[in-house]
Amino acid sequence: MLINIQKKLPSYTLNVAFDFKEKALGILGGSGSGKTMTLRCIAGIETPTSGTIILKNRVLYDSQKGINLPIRDRHIGFLFQNYALFPHLTVAQNIAFGLPKRLTALQIKQKVSQQLHSIELQGFGDRYPHQLSGGQQQRVALARALVSQPDILLLDEPFSALDTHLRSQMERELISVLSTYKGITLFVTHNIDEAYRICQSLLILDQGQVMSYDEKSEVLNCPANLETAKLTGCRNFSQIQAIAPNLIKALDWECQLQINYTSSNFSTHVGIRAHHITFLENSINHDLPNTFPCWLVRTTETPHRMTLYLKLNSPPNHDWDYHLQAEVFKEKWLVINQYSLPWRLHLDPSQLFLV
């Protein structure tokens, strides 16, 4: 699949280009970054200002050649954020809506039956959308998108309206469905964890521009720029000043750091992810680089994790006087909390990255 499109929008110009051959691509970005607009342009719901869209050697759109296939001819499955089921049609009729009209009644019945079985809603064909739960409605919408075996499946934040338990269940079901789906999937989300579990590669969008596009582990471990690091969940950044080839001063953290690679003239910030910050036992003499005394400023918690706000080298003056955020499981927190202050914090050079 080859995408190279531009579309003028009120606040910026969407400019997206990528060549994708794998199974599932996660498109990640903040609200208003152009994620959904990209899908709508591929589907033919919106028309780009210029560019090219090619899918399986079929030109769907080419502004120079005047090609702009209608939605019905693009062979695309689209799962909308709000599912967009027809309220006046039954489950079976909703699923059948995506099938070509040339099929016989028997063929349609067989294909709908296959889809109902695949989403484990046998016996629900005569029900209407309002008689289904949110998760069941989503499964029907997914079945409708897949029933015609499209060349590409477009998923626009399909889990955003679901509660936590149902979200996890539907994610597992989607992964199972995609494992047998032979086409390409574009999965729009703002949740990095979802994208990482479902997709092989990630494309990061910010204000209509592609910030990064690579295999998912590469995007997370070696973010190409500050925007990518932020959008993939990193919370800790500092402006830097180069001191020596492998030594920098982290200006915002007020410390010097050893790094595992040479700082380039283009690097402006150092970053570390919250779960990569470690703590050393005060009673053991560790001879490790990038080890600093730190004080706990405050904490926040989720059911299983603690976020620790930390000040390096001196006690804090107020609740917002901190340098770093560390994230630990609550079991580890119970251990760390027994250490006497100041704690000994370690920033592993192999976990630091420059952008």
Side-chain angles (χ1 to χ4, degrees), residues 1-20 22 24-43 45-53 61 78 80-81 152 154-160 184-240 251-252 264-276 325 327 352-355:
M1 179 178 196
L2 177 64
I3 305 289
N4 187 349
I5 57 172
Q6 300 76 42
K7 183 172 178 62
K8 291 183 179 179
L9 300 172
S11 54
Y12 59 80
T13 296
L14 178 68
N15 187 3
V16 177
F18 61 91
D19 187 358
F20 186 65
E22 296 180 57
L25 172 66
I27 302 179
L28 196 73
S31 298
S33 60
K35 307 185 299 298
T36 295
M37 181 57 70
T38 299
L39 294 195
R40 291 173 68 86
C41 287
I42 294 170
I45 300 169
E46 298 277 350
T47 301
T49 307
S50 60
T52 306
I53 302 172
Y61 173 79
F78 203 136
F80 294 90
Q81 190 171 350
I152 184 170
L154 307 178
L155 305 174
D156 186 12
E157 300 198 46
F159 308 135
S160 61
I184 291 172
T185 300
L186 299 188
F187 177 72
V188 158
T189 181
H190 59 267
N191 187 313
I192 180 60
D193 294 335
E194 282 179 357
Y196 201 90
R197 288 189 291 263
I198 292 171
C199 304
Q200 289 78 45
S201 298
L202 296 175
L203 183 141
I204 311 297
L205 274 180
D206 184 52
Q207 289 293 297
Q209 305 301 306
V210 176
M211 295 290 104
S212 294
Y213 171 49
D214 211 329
E215 195 273 332
K216 60 185 177 183
S217 62
E218 190 69 18
V219 172
L220 259 72
N221 296 334
C222 304
N225 44 61
L226 191 60
E227 291 77 11
T228 295
K230 288 179 178 178
L231 287 167
T232 54
C234 188
R235 306 173 191 172
N236 299 308
F237 302 99
S238 172
Q239 297 182 76
I240 62 171
L251 301 176
D252 300 305
S264 74
N265 293 332
F266 300 105
S267 300
T268 60
H269 290 75
V270 63
I272 188 168
R273 297 189 184 274
H275 62 279
H276 285 155
Q325 295 180 47
E327 190 174 83
L352 293 167
F353 58 84
L354 299 181
V355 290

Student: Quiz question: by atom type and distance under 3.5 Å, do the side chains of Thr189 and Glu194 form a donor-acceptor pair?
Tutor: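 Result is yes, a qualifying pair exists.
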Student: Would you find a donor on one side and an acceptor on the other, under 3.5 Å apart, between the side chain of Gln200 and the backbone of Ala24?
Tutor: yes
Student: Measure across Ile272 and Cys234 and return the closest heavy-atom pair with its distance rounded to 0.1 Å.
Tutor: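 Distance-wise, the nearest heavy atoms are O-SG, 3.4 Å.
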Student: Show the nearest heavy-atom pair for residues Asp206 and Met211, with the distance to one decimal.
Tutor: CB-CG, 3.6 Å
Student: Is a side-chain N or O of Lys35 found less than 3.5 angstrom from the main chain of Val188, in a donor-acceptor match?
Tutor: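 Answer holds: no.
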Student: Mark yes or no for whether Thr228, through its side chain, and Ala224, through its backbone, hold a donor-acceptor pair below 3.5 Å.
Tutor: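 A pair under 3.5 Å: no.
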Student: Determine the minimum heavy-atom distance between Tyr12 and Gly32, stating which atoms define it.
Tutor: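 In terms of heavy atoms, the two residues are closest at OH-O, 2.7 Å.
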Student: State whether the side chain of Asn236 and the backbone N or O of Gln325 hold a donor-acceptor pair below 3.5 Å, judged by distance alone.
Tutor: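 At least one qualifying donor-acceptor pair exists.
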Student: So, Thr13 side chain and Lys8 main chain: donor-acceptor pair closer than 3.5 Å or not?
Tutor: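 Not a single qualifying donor-acceptor pair exists.
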Student: Atom CG in Leu186, atom CD1 in Ile152: separation rounded to 0.5 Å?
Tutor: 4.0 Å
Student: Pick one: which of Leu205, Ile204, Leu203, Leu220 meets side-chain contact (heavy atoms from CB on, under 4.5 Å) with Ser212?
Tutor: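 Answer after filtering Leu205, Ile204, Leu203, Leu220: Ile204.
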Student: Could you check whether any side-chain heavy atom of Leu354 comes within less than 4.5 Å of a side-chain heavy atom of Ile240, counting everything from C-beta outward?
Tutor: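 Yes. Closest side-chain heavy atoms under 4.5 Å.
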Student: Is the side chain of Asp156 donor-acceptor paired with the backbone N or O of Phe78 at a distance under 3.5 Å, no angle test?
Tutor: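 No; zero donor-acceptor contacts below 3.5 Å.
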Student: Under a 4.0 Å threshold between the charged nitrogen and the carboxylate oxygen, would Arg273 count as salt-bridged to Glu327?
Tutor: no
Student: Please report the closest heavy-atom contact between Thr47 and Tyr61, naming both atoms and the distance.
Tutor: CG2-CE1, 3.9 Å
Student: Under 4.5 Å between any side-chain heavy atoms of Pro223 and Phe353, yes or no?
Tutor: yes
Student: About how many Å separate CG of Leu155 and CZ of Phe187, when rounded to the nearest 0.5 Å?
Tutor: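 The distance works out to 6.5 Å.
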Student: To the closest 0.5 Å, what do you measure between NZ (Lys216) and OG1 (Thr232)?
Tutor: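 Result: 14.0 Å between the selected atoms.
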Student: Find out whether Thr268 and Gln239 are in side-chain contact, i.e. whether some heavy atom of one side chain is under 4.5 Å from a heavy atom of the other.
Tutor: no
Student: Between atom NE2 of His269 and atom CG of Asn225, what is the distance when rounded to the nearest 0.5 Å?
Tutor: 11.5 Å
Student: Could you tell me whether the side chain of Lys7 and the main chain of Cys41 form a donor-acceptor pair under 3.5 Å?
Tutor: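 Checking the backbone N and O of Cys41 against the side chain of Lys7, no donor-acceptor pair under 3.5 Å is found.
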Student: Of all heavy-atom pairs between Met1 and Ile184, which one has the smallest distance, and what is that distance?
Tutor: CB-CD1, 3.8 Å
Student: Rounded to the nearest 0.5 Å, what separates atom OG1 in Thr38 from atom CD1 in Ile27?
Tutor: 5.5 Å
Student: Between Thr185 and Leu25, is the side chain to side chain contact (heavy atoms under 4.5 Å, CB included) condition met? List the steps.
Tutor: CA-CA 6 Å; Thr185 300; Leu25 172 66; over 6 Å; no
Student: Evaluate the side-chain proximity of Ile53 to Ile5: yes if any heavy-atom separation is below 4.5 Å, no if none is.
Tutor: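 Sidechains of Ile53 and Ile5: in contact.
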Student: Just do the side chain to side chain contact (heavy atoms under 4.5 Å, CB included) check on Val355 and Ser267 with the steps written out, would you?
Tutor: CA-CA 5 Å; Val355 290; Ser267 300; over 6 Å; no
Student: Which pair of heavy atoms, one from Phe237 and one from Leu226, lies closest together, and at what distance?
Tutor: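 Scanning both residues completely, I find the closest heavy atoms to be CD2-CD1, 3.3 Å.
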Student: Look up atom OG1 in Thr52 and atom CG in Asn4, then write down how far apart they are to the nearest 0.5 Å.
Tutor: 6.0 Å
Student: State, yes or no, whether a side-chain contact exists between Pro158 and Phe80 at a heavy-atom distance under 4.5 Å.
Tutor: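 The answer is no, as the side chains (C-beta and beyond) never meet within the 4.5 Å cut-off.
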Student: Would you say the side-chain atoms of Tyr213 pair up with the backbone N or O of Leu202, donor to acceptor, closer than 3.5 Å?
Tutor: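 No: the side chain of Tyr213 does not pair with the backbone of Leu202.
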